[in-house]
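Here the structure comes first, spelled out in structure tokens, and everything after it is commentary.
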Amino acid sequence: MAINLPPKYDPKSVEEPIYRQWIERGYFRSAPSDTRSPYCIVIPPPNITGALHMGHALNNTIQDILIRWKRMQGFEALWLPGTDHAGIATQNVVERELAKDGISRHDLGREEFVNRIWQWRERYGNRIVEQLKRLGFSCDWERQRFTLDSGLSKAVNTVFVRLYNEGLIYRGNYLINWCPRCHTALSDDEVEHRPTNGKLWHLKYPLSDGSGFITVATTRPETMLGDTGVAVHPDDPRYIHLIGKTLRLPFVNREIPVIADSAVAMDFGTGCVKVTPAHDANDYAMGNRHNLPRVNVMNPDGTINENGGPFTGLDRYECRKRLVAQMASLGLLEKEADYDLSLSECYRCHSAIEPYLSDQWFVKMHSLAQPAIEAAKSGAVKFHPDRWVRVYLDWLENVRDWCISRQLWWGHPIPVWYCDNCRNIIAATSAPTKCDKCGGTSLTQDPDVLDTWFSSALWPFSTLGWPEETPEVKYYYPTDVLVTDRGIIYFWVARMVMMGYKFMGREPFGDVLIHGTILDEVGRRMSKSLGNGIDPIEMIEQYGADALRFSLVMLTLEGQDVKLSTKKFEMGRNFTNKIWNAVRFALMKMPEGLATEKPLDLSGLQLYDKWILTRLSQTIEVATAEQGAFRLNPAISAIYSFFWNDLCDWYLEAIKADLQPEAPAARRETASRVFLAVLDAALRLLHPYMPYLTEELWHRLAEFYPVRDLSGSVRACETIMLAPWPVSTDFPRFAREAEEMELLKTAVSAVRNVRGSRNIMDKVKLTAMFDAGCAENLSALESSRDLLLRMANLKSFQAGVGVTSPPGSATEIAPPLTLFVPLGELVDVEAERAKLSITLERQRDGIMRLEARLANPEFAAKAPANIVEKEHARLADMKATEAKIVREIKALEMIG
RNA sequence: GGGCAUAUAGCUCAGUCGGUUAGAGCGCUACACUCACAUUGUAGAGGUCACUGGUUCGAAUCCAGUUAUGCCCACCA
């Protein structure tokens with residue numbers, strides 16, 4: 001043969017040129033079609049600040065597999081890519097960079113700072129996209145979107161104005177989560193809770209009338225400066241007489257009342273709660289119930305403001321320290337105890353969150369949530385695995401209003417203007433020129449920007465061109481599947497479904513695939529701070545993109561977390577090499593000028609041809625069904641084991657003799673045609689998982705064997721990407737022959753087993769005798785005589801029914817066969833006998849257990865008839881085997 | 001405090017409708033490198049299916065409880 005591939009697959013020389021070609025030829029492009037059905041996935045947009053990690057690699061590999069599979073099935077498949085502006089994250093990154101030069105964003109001013117971020121985005125914002133490309137992802141890059149580009153901004157403004165006009169967006173002064181480091185409000189979902197070793201301080205507040213003290217317990221003593229009351233339970237006998245009295249708050253000398261509220265737990269702390277409506281969510285609610293004033297004692301940066309009396313200007317923690325010390329010196333610190341609490345932190349910078357009173361914008365969630373709840377209940381949106389629907393519903397059913405304003409500069413400006421003259425509020429999709437109430441022309445835009453997740457929520461339709469009525473919106477919406485991890489079910493998935501129903505009238509996607517989280521070897525999350533991450537790009541360099549993709553999917557079961565180590569990628573690397581070498585073998589051994597254009601004459605098929613075609617057909621069926629249920633791991637496992645265990649281990653070995661130049665031409669041709677057709681189909685099955693390797697090998701094969709179907713029909717296809725996904729009925733099945741082949745494999749394995757356990761080299765030709773057990777098996781062995789001789793490396797063999805051991809034989813029990821290998825002097829009778837005794841013992845053990853089960857009258861009475869029958873048949877088989885073992889032991893003893 | 005997940009070979013994990021002599025990959029042991037691939041092949045060893053109880057003719061599988069680990073939610077100061 002003219003071609004000889006190198007013996008090792010070298011991904012580096014293959015990947016880059018193939019990807020370039022895919023792009024140049026526009027294979028990833030998709031457009032609305034009159035003839036094909038749409039299949040659409042929108043990418044979870046990575047943050048522009050992000051660097052590719054294993055989570056991205058897994059998430060996008062799954063999407064690429066689905067997209068490539070559907071594309072091969074003939075769908076008009078669009079994978080729509082894009083990136084997220086990631087408000088806080090990006091602003092923080094650029095601020096940190098400026099800080100290196102000693103510049104703050106305030107030094108630059110808002111406009112210049114935002115310019116700098118755009119510049120940063122130009123330089124670095126596409127890095128993650130370039131990294132994604134290395135994995136071979138087939139996104140339609142010409143449609144790449146960015147959450148801050150003009151189209152998406154228009155969608156954001158349109159949505160805001162409509163919700164505002166419908167009264168679903170409102171502004172108000174509420175207690176929100178404030179990050180004193182980022183200087184912005186956060187939604188409840190952006191707050192993380194971390195267990196912390198804190199303290200519980202018991203503070204004494206003197207009664208105004210001097211009649212004593214009341215003791216409260218707190219974890220944040222500095223907030224006492226904002227206390228406007230102390231609450232006790234109305235039924236608490238200890239304090240009932242104090243209700244209505246007043247206390248004099250130290251340091252600020254404010255008179256505050258003792259109130260009764262049933263929210264107070266009598267059995268916690270002292271049973272008295274200090275009430276700080278401006279700095280605690282519970283207290284805020286309690287304050288409302290009792291009309292307590294709200295005293296804000298903090299500045300946005302976390303220092304104490306002018307309401308803090310002697311502590312004004314101190315940082316919140318410095319204030320805490322000094323305040324506690326002064327309370328102690330005043331004799332008002334009753335005790336200080338260790339106390340474990342759950343500290344609220346900013347999900348971006350991990351500073352401690354302060355509940356903070358401020359003017360913010362909110363979305364009313366309740367009514368928007370209802371269709372999203374209904375969608376999950378009706379099955380319009382399905383989760384895989386379905387247990388995640390519970391998490392989704394729990395959130396939606398208890399959803400609270402969403403704080404959407406952020407005191408940042410990077411993001412979508414809130415499309416609201418205030419009339420400087422009459423304070424009228426104008427919400428508009430573009431800047432108004434005058435006040436619609438007083439006609440004043442001096443208008444000021446709201447200084448805040450929107451939560452990043454506000455624009456993300458619109459992603460499935462804003463990326464398709466909405467609010468314009470584009471052909472894409474009509475054709476691709478709703479999209480088909482969303483692939484993501486469990487961490488953003490509330491942040492993103494639920495909000496997309498809500499917005500989808502609100503603005504498109506239906507669900508944004510029909511299926512939500514939640515995959516597992518990538519962990520390190522010992523089961524910890526991979527994170528920058530732990531430094532335990534594995535860089536996908538490094539793994540690509542080392543093992544190749546296909547090996548990376550394959551290994552990840554092989555490790556990922558139905559949303560289970562994945563414990564990963566670099567060693568795991570060897571599995572993928574080894575498999576790519578195996579595939580490479582199977583094709584290499586084909587190119588080396590198959591004849592030139594194969595007449596592939598004729599339909600193959602099936603009458604020339606050998607047992608193993610029929611078997612491999614049957615196995616291929618079964619594998620296609622399994623893989624297709626599993627992929628359809630989003631179960632990629634069982635699908636690729638089936639393909640893997642077909643390729644390695646069936647095709648390479650058995651079929652390829654079986655046809656080696658057929659492919660020799662001296663083999664009969666017809667046989668050589670038939671074996672080659674079958675092998676070629678199977679390889680072709682296998683490469684197509686593998687393509688979604690291992691796109692580079694399969695494309696490369698498919699072309700290598702095509703160079704010499706242009707048509708590869710069994711039918712001989714011409715398939716004009718310039719890339720495996722667009723070749724049809726195999727259909728199980730493309731390949732004939734032969735049930736009886738497939739079983740016969742399994743018997744042959746048993747016979748071969750039995751001989752190999754004799755070799756292995758008796759230390760007989762593979763190259764020594766043996767003579768074998770088989771007791772076939774029954775006439776059917778006997779004829780199967782006889783009719784594949786050549787194959788058996790070859791695969792087991794036998795000089796000759798005899799087979800019969802009821803054949804007994806010739807003297808001096810090694811005996812191998814391999815139901816339904818028994819194998820004897822005459823070894824003459826070489827046989828160790830004692831060892832053979834010992835071996836058989838162990839087998840006998842095991843066999844008898846099994847028989848006893850089975851007999852006990854069958855002897856139970858209830859079994860016969862209650863078990864289904866087919867099971868009873870099956871078990872009896874099994875018992876008979878086991879007894880027959882037992883008898884053989886006994887016979888062989890006796891024969892050996894006679895020799896001994 | 002509530003919810004969810006997980007527990008099977010030394011390690012990482014499969015195991016469908018309850019009926020198997022409980023499987024795979026890695027690792028380990030032995031043997032084999034002219035003949036696609038040593039990133040390989042052949043064979044082997046290795047298991048009280050976390051624990052307790054229950055349902056059942058029959059349980060790794062179903063139910064209840066326990067233990068351990070992980071994740072999510074939650075206003076007890």
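Reminder, nothing fancy here: chain letters follow the sequence lines and each chain counts from 1.
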- Determine the contact category for A:Q660: base if any of its heavy atoms lies under 4.0 Å from a base atom, sugar-phosphate if only primed atoms, P, OP1 or OP2 are that close, otherwise nothing. nothing
- Assign each of A:F585 and A:I760 the nucleotide of RNA chain B bearing its closest heavy atom; nearer the 5' end lies the nucleotide of A:I760
- Message: Reading RNA chain B from 5' onward, which residue's closest nucleotide shows up sooner: A:N633 or A:E871?
- Response: A:N633
- Query: Rounded to whole angstrom units, what separation is found between the CD atom of A:E653 and the C1' atom of B:A32?
  - Reply: 14 Å
- Message: A:D338: which residues meet the salt bridge (charged side-chain N to carboxylate O under 4.0 Å, His left out) condition with it, sequence neighbours left out?
- Response: A:K199
- Message: Between A:E871 and A:R853, does any side-chain N to carboxylate O distance fall below 4.0 Å?
- Response: yes
- Intra- and interstrand pairs of RNA chain B - dot-bracket, Watson-Crick/G-U under 3.5 Å, | marks other strand: (((((((..((((.....[...)))).(((((.......))))).....(((((..]....))))))))))))....
- Message: At 4.0 Å (heavy atoms only), tell me whether A:K656 reaches a base, stays on the sugar-phosphate, or touches nothing.
- Response: base
- Item | Atom-pair distance (CG on A:L697; C1' on B:C37), nearest Å | 13 Å
- Task: Within residues 837-852 of chain A, find the residues that approach RNA chain B with a heavy atom at under 4.0 Å, and present them sorted by residue number.
- Result: none
- Contact letters for nucleotides 39-44 of chain B, in which S counts primed atoms plus P, OP1 and OP2 and B counts the base, heavy atoms under 4.0 Å: BSSSSS
- Please state the P separation for the pair B:A50 and B:A22 - nearest whole angstrom. 15 Å
- Task: Mind calculating the distance between CG (A:L5) and P (B:A36) to the nearest angstrom?
- Result: 14 Å
- The side-chain hydrogen bond (donor to acceptor under 3.5 Å, both in side chains) partner of A:T215 among A:E334, A:K204, A:H202 is A:E334
Taking only N/O atoms, report every protein-nucleotides 55-57 of chain B pair under 3.5 Å with atom names and distance.
| residue | atom | partner | partner atom | Å |
| --- | --- | --- | --- | --- |
| B:C57 | OP1 | A:K862 | NZ | 2.3 |
| B:C57 | O2' | A:N856 | ND2 | 3.0 |

- Task: Classify the nucleic acid contact of A:M761 as base, sugar-phosphate or nothing, counting any heavy atom under 4.0 Å across all strands shown.
- Result: sugar-phosphate
- Message: Using the P atom as the point on both nucleotides, what is the distance between B:G44 and B:G25, in whole Å?
- Response: 13 Å
- Roughly, in whole Å, what's the span from CG in A:L647 to P in B:C37? 16 Å
- Item | Nucleotide B:G3, atom P - distance to CZ of A:R390 in whole Å | 12 Å
- Item | P gap between B:U56 and B:G3, integer Å | 29 Å
- Verdict with reasoning, A:W402 to A:D189, per side-chain hydrogen bond (donor to acceptor under 3.5 Å, both in side chains): CA-CA 9 Å; A:W402 174 17; A:D189 306 288; 5.9 Å; no
- Note on the structure: A correct 5'-to-3' footprint of nucleotides 68-77 of chain B, with B, S and - meaning base, sugar-phosphate only and no protein heavy atom under 4.0 Å, is ---SSSSBBB
